[in-house]
Amino acid sequence: DGKKGGFRACCFVFALGALENIGFVANMVSMVIYFHYLLKFDLPTSSNTLTNFLGSVCLLSLLGGFISDTYLNRLYTILIFGSLEVIGLSMVTIQAYSKDLRPDITCEKSCIKGGIALMFYGSLSILAIGTGGVKGALPALGADQFDSKDPKGAKQLGSYFNWYMLSTTFGAMIGVSFVVWVSINKDWYWGFFMRTMAAIVGFIAIALGKPFYSTGFLPLPCSYILYIFVIVVAFKNRRLILPENPVELFEMNDKDKYQYDEKLPHTNQFRLLDKAAIVPLETFPQPWKVCTVTQVEEVKVLTRMLPILASTIIMNTCLAQLQTFSVLQGVFMDQHIFGKKFPPASIPIIPLVFMTFLIPIYEFVVVPFALKITGHPSGITQLQRVGVGLILSIISMGVAGIIEVKRRDQSIKDPFNPISLFWLSFQYGIFGLADMFTIVGLMEFFYKEAPSGMKSLATSFAWLSLSFGYFLSSAFVDIMNAVTKKIAPSKKGWIEGDDLNESNLNLFYWFLAVLSTLNFVVYLLCASWYKYKEDTAESETESRNETESRNDQ
């Protein structure tokens, strides 16, 4: 049906992506200030509370992906979790407005307790569950509107992830500029109220798009249990001998499989799992005693994805450090740009502005040029795109170290004349470009390569990588300080204390660059070893044609 699916349906997805991201990004860059000044947390507790909240949001995206794959469709999952997100934002707004639900202004220590603590942690928990669930299902809903098996649909699918990233970037720009300004300069409850209303409008928009969404993308009941079952059967058959010809392994007939379930060809990787598809001696094998080749191959696909996911966790941990300390650098710099004072909490708008221009340039210039050379619908493969992002992240770490040397030298030489905040635009610009390549590349990669019953969950793997980055960021700094305190001649950690001028943040940045380089080498090995499902299917077809040709001769 030409009236359903395509970019027309995705407009509603883009609307929610922008409106919902207004509140998420505004919370990400400003809530540490809210925790510290209004709720009376100390700075370390404020920082850890925020990183734990953001990490929980990204981790809980797996829950939304799981439910939308297995029990509900994408739209209903988004609306249910969206209701929780609105409730969570409303509770945060009420607490910011009511003086009875905030600590007394004279309180100095252990101020969050009793009913105040219940309201605070309850609202953050509900908000994390709702936001995570929405982010786990929303990208896949838009991707479902294209047929990746059709050449035109495959090309549009790659473009979709670019435009989805652009829509969330627009929302993030509004969040870190206007909403953050209102929160800090007017009142916090007005900022939270604006985030709540933006989310409500976004969820109304996604619901209004129901008549335009493609049908047929239904969940696969118990699909996750089947994947566990494959491993159990393979272990049970571990002493059996694999047949020399994979054709002898058990596979379903075309008429017996679900229409929305794809049939995957056999691969030679992880051959031990093939033992789950060895046909028993019975004439009619029971389904609980043998798995199909497709089921085994789906488990292999997930197993091949894990090294890719692991290698991006290191990158996101490093980029989390870059984001955190770049804001801290901005506090010690001249915050006037073009005669206007630029609040440190709005510094992340710099990479967002870069991404606003770079994403269309990539889509309209880079992709068509690369398409002529490679013939790939997206210009380059998803893993190549992630690799480019990893290289750019290494460069951004190195540039950040150089900028920090310049900032610190000038601050020591003339404390009353620091360098301009504009210098951060270099590292932030490269960082924004790296983010554009990696996040979009990972989402498209996990969606395309995932088994048909795990599209939402697999797309959430990109958020899972960010989750580990947030959770590990605090521990990473503590470990680095503990190690450098022992080996440094000054017996001080690289980033210890409140005075950034006495720290060695530049060495920390350059260490992250070295660590990211080593991680990139590991990523190259994992990416070169990975076999795309399309390549596997093509090689299987060629092998079958060669066999038939030899038989005819």
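- Using cut-offs of 30° and 60° on the angle between ring planes, the pair Tyr362 and Phe437 is perpendicular.
- Note on ring orientation: taking the six-membered ring where Trp is involved, the planes of Phe12 and Phe212 are parallel (angle under 30°, cut-offs 30° and 60°).
- The aromatic rings of Phe193 and Trp190 stand perpendicular to each other, their planes meeting at an angle above 60°, with 30° marking the opposite boundary.
- No donor-acceptor contact under 3.5 angstrom links the side chains of Thr169 and Thr356, judged on distance only.
- For the residue pair Ser420/Arg407, the side-chain donor-acceptor check at 3.5 Å is not satisfied.
- Of the charged side-chain nitrogens involved, at least one lies within less than 4.0 Å of a carboxylate oxygen, so that Arg74 and Asp144 count as a salt-bridged pair.
- Between Phe146 and Tyr160, the angle of the ring planes lies from 30° to 60°, which puts this pair in the tilted group.
- Using cut-offs of 30° and 60° on the angle between ring planes, the pair Phe461 and Phe446 is perpendicular.
- Contact between Lys135 and Ser61 at its shortest, heavy atoms only, is C-CB, 4.4 Å.
- Side-chain contact between Leu63 and Phe81: present, with at least one pair of heavy atoms (C-beta onward) separated by less than 4.5 Å.
- Annotation: cation-pi pair Lys448/Phe161 absent, no NZ/CZ under 6.0 Å from the ring centroid and within 45° of its normal.
- Thr77 and Ser68 share no side-chain donor-acceptor pair at under 3.5 Å.
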